[in-house]
Amino acid sequence: MPAAAAPIISSVQKLVLYETRARYFLVGSNHAETKYRVLKIDRTEPKDLVIIDDRHVYTQQEVRELLGRLDLGNRTKMGQKGSSGLFRAVSAFGVVGFVRFLEGYYIVLITKRRKMADIGGHAIYKVEDTNMIYIPNDSVRITHPDEARYLRIFQNVDLSSNFYFSYSYDLSHSLQYNLTVLRMPLEMLKSETTQTRQESFDIFEDEGLITQGGSGVFGICSEPYMKYVWNGELLDIIKNTVHRDWLLYIIHGFCGQSKLLIYGRPVYVTLIARRSSKFAGTRFLKRGANCEGDVANEVETEQILCDASVMSFTAGSYSSYVQVRGSVPLYWSQDISTMMPKPPITLDQADPFAHVAALHFDQMLQRFGSPIIILNLVKEREKRKHERILSEELVAAVTYLNQFLPPEHTIIYIPWDMAKYTKSKLCNVLDRLNVIAESVVKKTGFFVNRPDSYCSILRPDEKWNELGGCVIPTGRLQTGVLRTNCVDCLDRTNTAQFMVGKCALAYQLYSLGLIDKPNLQFDTDAVRLFEELYEDHGDTLSLQYGGSQLVHRVKTYRKIAPWTQHSKDIMQTLSRYYSNAFSDADRQDSINLFLGVFHPTEGKPHLWELPTDFYLHHKNTMRLLPTRRSYTYWWTPEVIKHLPLPYDEVICAANLKKLIVKKFHKYEEEIDIHNEFFRPYELSSFDDTFCLAMTSSARDFMPKTVGIDPSPFTVRKPDETGKSVLGNKSNREEAVLQRKTAASAPPPPSEEAVSSSSEDDSGTDREEEGSVSQRSTPVKMTDTGDSTKVTENVVQPMKEVYGINLSDGLSEEDLSIYSRFVQLGQSQHKQDKSSQQLCSRCPDGVIKLTPISAFSQDNIYEVHRQEHTCARPASTKAIRAQ
């Protein structure tokens with residue numbers, strides 16, 4: 001069944017902030033610069049935020065006229081030409097939000113971004129740089145001595161480190177949710193559109209549709225899942241004042257994408273981690289859960305597989321699998337004042353009826369459905385009772401809660417002492433984890449947006465028939481989720497999640513018809529690529545919560561790590577200990593201030609004066625809760641009725657209220673993902689194309705010699721992989737270090753908004769691209785002495801690589817075909833006359849380009865081969881001309 005709706009693309013993607021003495025004017029436009037919106041921000045209020053959105057969509061000409069009138073009206077003397085009354089302050093790509101401490105409000109703008117992933121044509125960007133601007137004018141500013149300290153604490157949250165956003169794809173929800181919403185029945189969309197029109201305060205919502213007889217395409221936009229939104233508090237003050245296109249929600253965590261080439265067929269493997277903004281903090285300062293069921297270090301990890309040969313959500317093939325990590329949902333903590341590497345674990349409150357665990361699992365049932373599977377990796381046997389305290393309490397809580405649930409929806413508890421198995425020489429840790437992973441994936445299933453292929457129906461695999469989840473006419477749905485935890489939810493948890501993800505990846509590839517059996521082996525290009533993604537994912541999450549990278553990796557548990565890895569593990573352990581002991585308290589204060597957990601107030605204690613933040617995160621300590629939940633019926637009634645399906649994805653009245661449905665013309669820019677992705681109105685460069693710069697299995701992992709099976713599912717020896725051509729040991733380490741810094745798959749150079757003094761650019765900016773294309777695995781340039789050795793290892797004879805020798809002369813037939821079909825011109829909207837004159841005066845040594853089209857606006861060129869030039873120089877010149 002085709003998709004009934006299309007995602008709404010935000011029409012505010014480029015911003016310019018203009019300044020006068022009394023106001024700021026924020027001009028936002030879509031990427032094509034055809035539609036504009038304007039915000040007016042008052043600068044005369046010392047402590048209040050006054051924002052006016054006229055909700056009118058301007059054209060480029062109208063914006064120019066508006067800015068011209070504002071410039072003329074704000075000059076100091078009427079008719080004065082020398083000075084300007086309207087100044088261009090900064091260019092940006094989005095609004096993070098507004099924040100106030102003890103003086104006036106600040107506006108936080110994204111001034112630099114970098115493309116990190118592409119899902120169905122929807123770009124996902126990473127915040128690279130931000131700008132924080134004070135709004136009130138200096139003449140009305142009321143200074144406070146502690147304002148600067150609050151500003152420093154707020155800016156300690158590095159927004160350029162692993163914060164992500166998208167203009168058209170909801171990153172706070174899973175792919176399964178986003179595609180389920182798009183496949184809603186047409187009747188419900190029509191009724192919802194009518195209701196939206198009646199309740200809407202935007203008089204331009206359905207403008208022009210009546211003249212077309214009501215025909216069009218439904219655009220749909222859902223409310224974000226605020227648990228994973230990190231700037232929700234910063235946008236809350238303007239949420240009900242401005243148009244929704246101004247609201248850009250960002251997530252925190254990890255995003256990486258790599259390309260798996262299967263005999264030339266591109267398949268994108270994407271890993272997205274969403275860190276919860278509830279009960280967020282650092283390692284020893286945030287443990288267990290708060291009174292609302294939110295746990296520390298809670299991260300939802302989703303792996304998405306898509307066939308990149310077809311871009312559309314409607315016609316393309318997409319699959320995803322979701323799993324969760326999080327601290328043990330109990331009231332527990334560790335006292336770091338003892339300065340011990342492993343502080344003792346203490347249970348802070350007695351919870352005989354598992355109240356906090358019930359709240360936590362009720363949230364999970366509502367978002368993921370059933371079954372909820374707990375994989376507990378903490379130690380079971382210890383000489384001194386330490387981690388076992390958590391296991392005993394968790395078992396008691398799960399046992400208590402399960403006795404009231406229906407038998408088919410009970411919480412599945414899997415305890416497994418991973419540390420004990422690691423020390424044993426007779427046991428293989430990953431083999432045991434693989435068995436657990438198989439049983440988990442079979443119970444939860446996974447999401448795929450296409451029905452089973454005919455060949456799998458004719459020749460079904462034994463494991464495929466046992467797969468769980470929910471089968472629907474359009475594919476499969478994942479019901480339930482795996483929740484993995486150890487004490488820190490870092491090293492052991494990441495390895496266990498990798499093994500479950502590897503098992504799910506095999507089923508995903510099988511469902512898309514890319515492999516014949518749902519099984520993947522180690523030491524293949526596909527698994528190495530996936531392992532690299534998960535290592536970057538684990539390192540990033542570990543730095544955010546623990547202060548250092550992973551200590552134990554997949555290679556450590558496979559027992560194939562080099563001997564130098566032990567010294568690195570020791571250094572990471574020391575780095576983590578130093579961070580926890582000396583810098584975590586400051587980081588926790590910054591997170592509390594950024595997320596709005598603490599609001600500075602005149603006359604009350606400052607943030608740095610509080611002895612603890614316990615009362616900020618546990619609201620029941622400050623006031624009595626209005627209602628007390630039942631000890632037996634601990635779930636939400638509506639959630640239990642629709643199990644095993646997640647309640648958030650059920651089509652009901654409560655969920656329909658969370659959707660914004662609007663009717664568009666068929667070729668409206670707000671729903672045209674083709675133009676948004678390909679951007680035919682601008683000139684593109686191959687060096688800056690994201691899909692060519694991401695990590696590729698063929699370029700970075702496949703052997704470079706001829707005669708070896710190019711399949712990414714072939715088992716290879718470690719010295720056969722493409723990584724071995726990096727040269728000596730220091731070069732390999734440098735490449736890995738740069739890759740870790742760039743979070744797995746660094747795309748082309750970031751886009752930076754550049755301020756300009758000219759006023760005839762219609763209020764928008766140009767994106768400044770870097771001159772050097774950054775590849776996904778950069779290699780450090782060696783010295784001149786070592787360069788010859790590296791060249792000998794990398795460069796091979798042309799005859800061996802390509803099958804032909806390019807230095808030999810080509811036949812006349814090949815040359816005629818070459819000269820006929822080589823096209824060196826690119827479509828341009830405007831052709832420079834000077835370049836035409838330059839082409840007509842080319843010297844004899846340069847290939848002459850003759851326009852063969854009658855239209856000067858859209859030209860292609862043919863190549864005239866010179867008789868006295870041999871084949872290879874001609875091809876070289878053609879490439880240079882291109």
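All heavy atoms count here, side chains included; hydrogens, waters and symmetry mates do not. Remember, it's a predicted structure, so these values are computed and weren't measured experimentally.
Judged purely by atom type and a 3.5 angstrom limit, S166 uses its side chain to pair as donor or acceptor with the backbone of A123. Side chain of S697 to backbone of L261: a donor-acceptor contact under 3.5 angstrom is found. A donor-acceptor pair under 3.5 Å links the side-chain atoms of Q544 to the main chain of G253, judged by distance alone. Distance alone, capped at 3.5 Å, places no donor-acceptor pair between the N30 side chain and the E676 backbone. Between the side chain of R325 and the backbone N or O of T301 there is no donor-acceptor pair closer than 3.5 Å. With N494 contributing its side chain and L490 its backbone, the two residues share no donor-acceptor pair below 3.5 Å. Looking only at distances, a side-chain donor or acceptor of N449 sits under 3.5 Å from a matching main-chain atom of Y318. Listed for the D307 side chain is no donor-acceptor partner under 3.5 Å among the backbone atoms of S317. E300 places no side-chain N or O within donor-acceptor distance of the main-chain N or O of V322, the cut-off being under 3.5 Å. Formation of a donor-acceptor pair under 3.5 Å by the S277 side chain with backbone atoms of V229 is found in this model.
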- Query: After noting the C-alpha distance and the side-chain angles of D118 and F677, does the key distance pass the side chain to side chain contact (heavy atoms under 4.5 Å, CB included) rule?
  - Reply: CA-CA 9 Å; D118 173 74; F677 178 73; 3.2 Å; yes
- Message: I'd like to know whether R37 forms a side chain to side chain contact (heavy atoms under 4.5 Å, CB included) with S11, so could you lay out the CA-CA distance, the side-chain angles of the two residues, the decisive distance to 0.1 Å, and finally the verdict.
- Response: CA-CA 8 Å; R37 291 183 180 273; S11 61; 3.8 Å; yes
- Message: N162 vs T540, test: side chain to side chain donor-acceptor pair (under 3.5 Å). Steps then yes/no.
- Response: CA-CA 8 Å; N162 308 117; T540 304; 4.6 Å; no
- Please walk me through it: do L260 and F530 pass side chain to side chain contact (heavy atoms under 4.5 Å, CB included)? CA-CA 9 Å; L260 185 66; F530 189 65; over 6 Å; no
- Message: Could you go through H122 and F313, starting from their C-alpha distance and side-chain angles, then the distance that decides it, and tell me whether this counts as ring-ring contact (aromatic ring centres under 6.0 Å, His included)?
- Response: CA-CA 10 Å; H122 301 268; F313 274 155; 5.0 Å; yes
- Query: Where do D523 and R528 land on the side chain to side chain contact (heavy atoms under 4.5 Å, CB included) test, with the steps shown first?
  - Reply: CA-CA 6 Å; D523 299 321; R528 283 194 176 104; 3.5 Å; yes
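Looking only at side-chain heavy atoms (C-beta outward), V95 and V12 stay at 4.5 Å or farther from each other. A heavy-atom distance below 4.5 Å is not found between the side chains of D170 and V181. In this structure, W246 and L235 have side chains that are not in contact, with every pair of non-hydrogen atoms separated by 4.5 Å or more. Between H31 and K14 there is a side-chain heavy-atom pair separated by less than 4.5 Å. Taking the side chain as every heavy atom from C-beta outward, K35 and E668 approach each other to under 4.5 Å. Counting only heavy atoms from C-beta outward, the side chains of R476 and S511 never approach each other to under 4.5 Å. Residues T130 and S160 fail the side-chain proximity criterion, which asks for heavy atoms closer than 4.5 Å. Within the 4.5 Å cutoff, side-chain heavy atoms of L159 are placed close to those of F594.
Atoms OH and CE, on Y249 and M226 in that order, are 5.5 Å from each other to the nearest 0.5 Å. The distance from atom CG of L533 to atom SG of C255, rounded to the nearest 0.5 Å, is 9.5 Å. Atom CD1 of I220 and atom CD1 of I8 lie 8.0 Å apart (nearest 0.5 Å). Atom-to-atom distance recorded for Y268:OH and I304:CD1 is 14.0 Å, nearest 0.5 angstrom. Atom CZ of R275 is separated from atom OH of Y545 by 8.5 Å, given to the nearest 0.5 angstrom. If you take CD1 on I110 and CG on N131, they are separated by 12.0 Å, rounding to the nearest 0.5 Å.
Exactly one of D700, T270, T695 qualifies for a side-chain contact (heavy atoms from CB on, under 4.5 Å) with S258. That residue is T695. The side chain to side chain donor-acceptor pair (under 3.5 Å) test with S319 is passed by exactly one of Q478, Q508, Q303, R450: Q508. Partner of H252 under the ring-ring contact (aromatic ring centres under 6.0 Å, His included) criterion, out of W230, Y228, F165: W230 alone. Residue Y125 forms a ring-ring contact (aromatic ring centres under 6.0 Å, His included) with just one option from F93, F163, Y164, Y167, and that option is Y167.
Using a 3.5 Å distance cut-off with no hydrogens or angles, the side chains of E669 and T34 do pair a donor with an acceptor. For the residue pair D709 and T714, a side-chain donor N or O sits within less than 3.5 Å of a side-chain acceptor on the partner.
Closest approach of Y263 to P710, counting heavy atoms only: CE2-CG, 3.7 Å. For S174 against R274, the heavy-atom pair with the smallest separation is CA-NH2, 3.6 Å. Heavy atoms only, all atoms of each residue included: I251 and L171 are closest at CD1-CB, 3.9 Å. The two residues V448 and L512 come nearest to each other via the heavy atoms CG2-CD2, 4.0 Å. Closest approach of G219 to I671, counting heavy atoms only: CA-CG2, 4.1 Å. For the pair D525 and P703, the tightest heavy-atom approach, listed with the atom from each and the gap, is OD2-CD, 4.5 Å.
Aromatic ring pairs are classed by plane angle as parallel below 30°, tilted from 30° to 60° and perpendicular above 60°; the pair H537 and F254 is perpendicular.
Counted within 6.0 Å of CZ on F522, heavy atoms from surrounding residues, nucleotides or ligands total more than 12; the atom is thus considered enclosed.
For the pair K502 and Y534, the cation-pi test (distance below 6.0 Å, angle within 45°) is failed.
Between K662 and E670, none of the side-chain N atoms (NZ, or NE/NH1/NH2) sits under 4.0 Å from a carboxylate O, so this pair counts as no salt bridge.
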